[in-house]
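Notes follow the structure.
Just the heavy atoms: all of them, side chains too, but no hydrogens, waters or symmetry mates, feed the values below. Within every chain, numbering begins at 1; the chains are lettered A, B, ... in the order of the sequence lines, protein sequences first and strands thereafter.
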Protein chains: 2
Amino acid sequence: MSLCVQPLAGIFFPVIEKKGLGQAYPEGLDRAREEAWRAFITAYAVGIEGIERGLAEAGLPPLGWYDVLLELSVAPGHRLRMHELARAVVLSRSGLTRLVDRLEGAGLLRREPTPEDRRGSFAVLTEEGARMRRRMWPVYARGIAEHFGRHLDDDEVRVLSEALRRVSGARSV
Amino acid sequence: MSLCVQPLAGIFFPVIEKKGLGQAYPEGLDRAREEAWRAFITAYAVGIEGIERGLAEAGLPPLGWYDVLLELSVAPGHRLRMHELARAVVLSRSGLTRLVDRLEGAGLLRREPTPEDRRGSFAVLTEEGARMRRRMWPVYARGIAEHFGRHLDDDEVRVLSEALRRVSGARSV
DNA sequence: TCAATTTAGTTGTGTAAGCAATCACTGTAC
DNA sequence: GTACAGTGATTGCTTACACAACTAAATTGA
C-alpha cells in the first residue's frame with residue numbers, strides 16, 4: 001500500500017491511504033495481499049467463465065462433471081466412496097449426491113454397493129465415462145491454455161503452483 | 001512435464017508421460033501449467049469456502065453482497081447503472097436484478113431512476129449499506145489473511161498480483 | 001413522423017447448490 | 001442381545017444462478 005503524505009496543521013505526516021473506505025488490515029493481510037486476492041478471484045471468475053463457455057459451445061458437460069470423471073479416472077479401480085469424491089471435488093455431501101445422480105443418469109458412472117459396509121457406496125467410472133472425459137479434455141485444455149496458461153511465463157507458473165498448493169493444502173487452518 | 005524414458009524394442013526413446021489418461025497438451029499448455037491451473041482452482045474453492053463460512057458464522061451476508069457494496073462504495077456518487085454493476089461483479093444481468101432485489105430488500109441500497117434515460121436505473125448505496133460493508137470488511141479481511149495471505153511470502157504476492165492481473169485483463173481473448 | 005431496431009432491465013422457468021432432517025447401517029457399552 | 005451413539009448417503013426445502021422471453025424506452029432511418 002502506498003503511504004501518502006497529507007498536510008495537517010502545517011506539518012506533513014504520513015497516513016494510511018484508505019480510499020475513503022476506512023479499511024484496516026488484520027494480522028496476515030496488507031494492501032499487496034488484498035490486491036493479490038482480488039486479482040486472484042477476478043482471474044478465476046473470468047477464466048472459469050471462458051472455459052465453461054467453451055465446453056457448452058462444444059456441446060459438452062460442465063466443468064464439475066470433468067472433475068468427477070478425472071478423480072475417478074485416477075482413483076485405484078476407477079472407484080471412490082462418495083465422501084472421498086465429495087472431498088476431492090470440494091462439494092457438500094448432498095451436492096455430490098445430486099451431481100453423481102446426474103452423471104449416473106448420463107451413464108458416465110455407476111453406483112456400486114460396498115462389500116464391507118452396506119451403508120456406503122462407490123461411484124465407479126464406466127467406459128462411457130472414461131470416453132467422455134477424454135472427449136472433454138481437449139476442449140478443457142484449450143480453455144486453460146487460452147484463459148490462463150498462455151498469459152504466464154515459466155517462472156510465474158512455478159511460483160503459482162507452489163504458492164497455491166500451499167494455500168489449498170492448508171485447508172481447514 | 002517430466003519426460004520419461006521407456007524401453008521399446010531394445011532402444012530407449014522418450015514419450016510423453018500420460019498418467020494413463022491419454023492427455024495431450026495443446027499450444028499454450030503443458031504439464032506445469034495444468035498443475036498450476038489445478039492448484040489455482042483448488043485454492044480458490046478452499047479459500048472461498050473458508051471465507052464464506054467465516055461470514056456466515058458472524059451472521060453476515062455472503063461475499064457476493066460485499067462485492068456489490070464495495071463497487072458502489074468506490075463508484076462516483078456511490079451509484080452505478082445496473083449493467084455497470086453486473087459487469088463489475090461478473091454476473092448475468094438477470095442474476096444481478098435478483099441480487100440487487102435482495103440488497104434493496106435489506107435496505108443496503110436503493111434503486112433510483114436515471115434522469116437521462118427512463119429505461120435505466122441506478123443502484124445507489126444507502127448509509128446502511130455503507131455501514132454493512134464496513135462491518136463485513138474485518139471478517140472478510142480475516143478470511144483473506146487466514147485462507148490466502150498468510151501462506152504467501154512477499155515475492156509470491158508480487159508475482160501473483162502481476163500475473164493474475166494479466167490473466168483477467170486479457171478477458172475475452 | 002412513425003415503424004423497425006436496439007438497449008436497459010425484469011420476469012418465467014429450469015437447474016444446481018447448501019443445510020437440516022432423515023434413513024440405513026455399524027460399532028460399542030451395558 | 002439390545003439400546004445408543006456415530007457414520008454414510010439421500011431427501012425435503014430453500015436460495016441463487018443462467019438463459020430466454022418479455023416490457024418499456026430510446027434510437028435509427030425512410
Does [N] have OP1 or OP2 sitting under 4.0 Å from an N or O in the side chain of [X]?
| X | N | result |
| --- | --- | --- |
| A:R102 | C:dA17 | yes |
| B:R111 | C:dT10 | yes |
| B:H83 | C:dG9 | yes |

For the side chain of [X], counting heavy atoms from C-beta on, which of [options] is nearest?
| X | options | result |
| --- | --- | --- |
| A:T97 | D:dA9, C:dT10, C:dT26 | D:dA9 |
| A:R119 | C:dA24, D:dA25, D:dT10 | C:dA24 |
| A:D117 | C:dC19, D:dA25, C:dT26 | C:dT26 |

Any salt bridge between [X] and [Y], counting N to O under 4.0 Å?
| X | Y | value |
| --- | --- | --- |
| A:R166 | B:E156 | yes |
| A:E162 | A:R158 | no |
| A:E104 | A:R110 | no |

Take the protein atom [atom1] of [X] and the nucleotide atom [atom2] of [N], then report the distance between them rounded to whole Å.
| X | N | atom1 | atom2 | answer |
| --- | --- | --- | --- | --- |
| B:L63 | D:dT15 | CG | C1' | 17 Å |
| A:M82 | C:dA24 | CE | C1' | 15 Å |
| B:E52 | C:dA17 | CD | P | 15 Å |
| B:D101 | D:dC17 | CG | C1' | 13 Å |
| A:L96 | D:dT11 | CG | C1' | 15 Å |
| A:R81 | D:dT10 | CZ | P | 11 Å |
| B:W65 | D:dT15 | CH2 | C1' | 12 Å |
| B:E84 | C:dG9 | CD | C1' | 14 Å |

State whether the distance check finds a donor on one side and an acceptor on the other, under 3.5 Å, for side chain A:R98 versus base C:dG18.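 It does, because a donor-acceptor pair links the side chain of A:R98 to the base of C:dG18 below 3.5 Å.
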Under 4.0 angstrom, heavy atoms only, what part of the nucleic acid is [X] near: base, sugar-phosphate, or nothing?
| X | result |
| --- | --- |
| A:R93 | base |
| A:T114 | nothing |
| B:L91 | sugar-phosphate |

With a 4.5 Å limit on heavy-atom distance, are the side chains of B:R33 and B:W37 in contact? no
Sub-4.5 Å side-chain heavy-atom contact between A:I48 and B:Y44: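 A:I48 does not reach B:Y44 side chain to side chain.
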Would you kindly compare B:E116 and A:S94 by the position of their nearest DNA chain D nucleotide and give the one closer to the 5′ end? A:S94
Want to settle it: does A:G120 or B:R118 sit nearer the 5' end of DNA chain D, counting the closest nucleotide to each?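 Checking each residue's closest nucleotide, the 5'-ward one belongs to A:G120.
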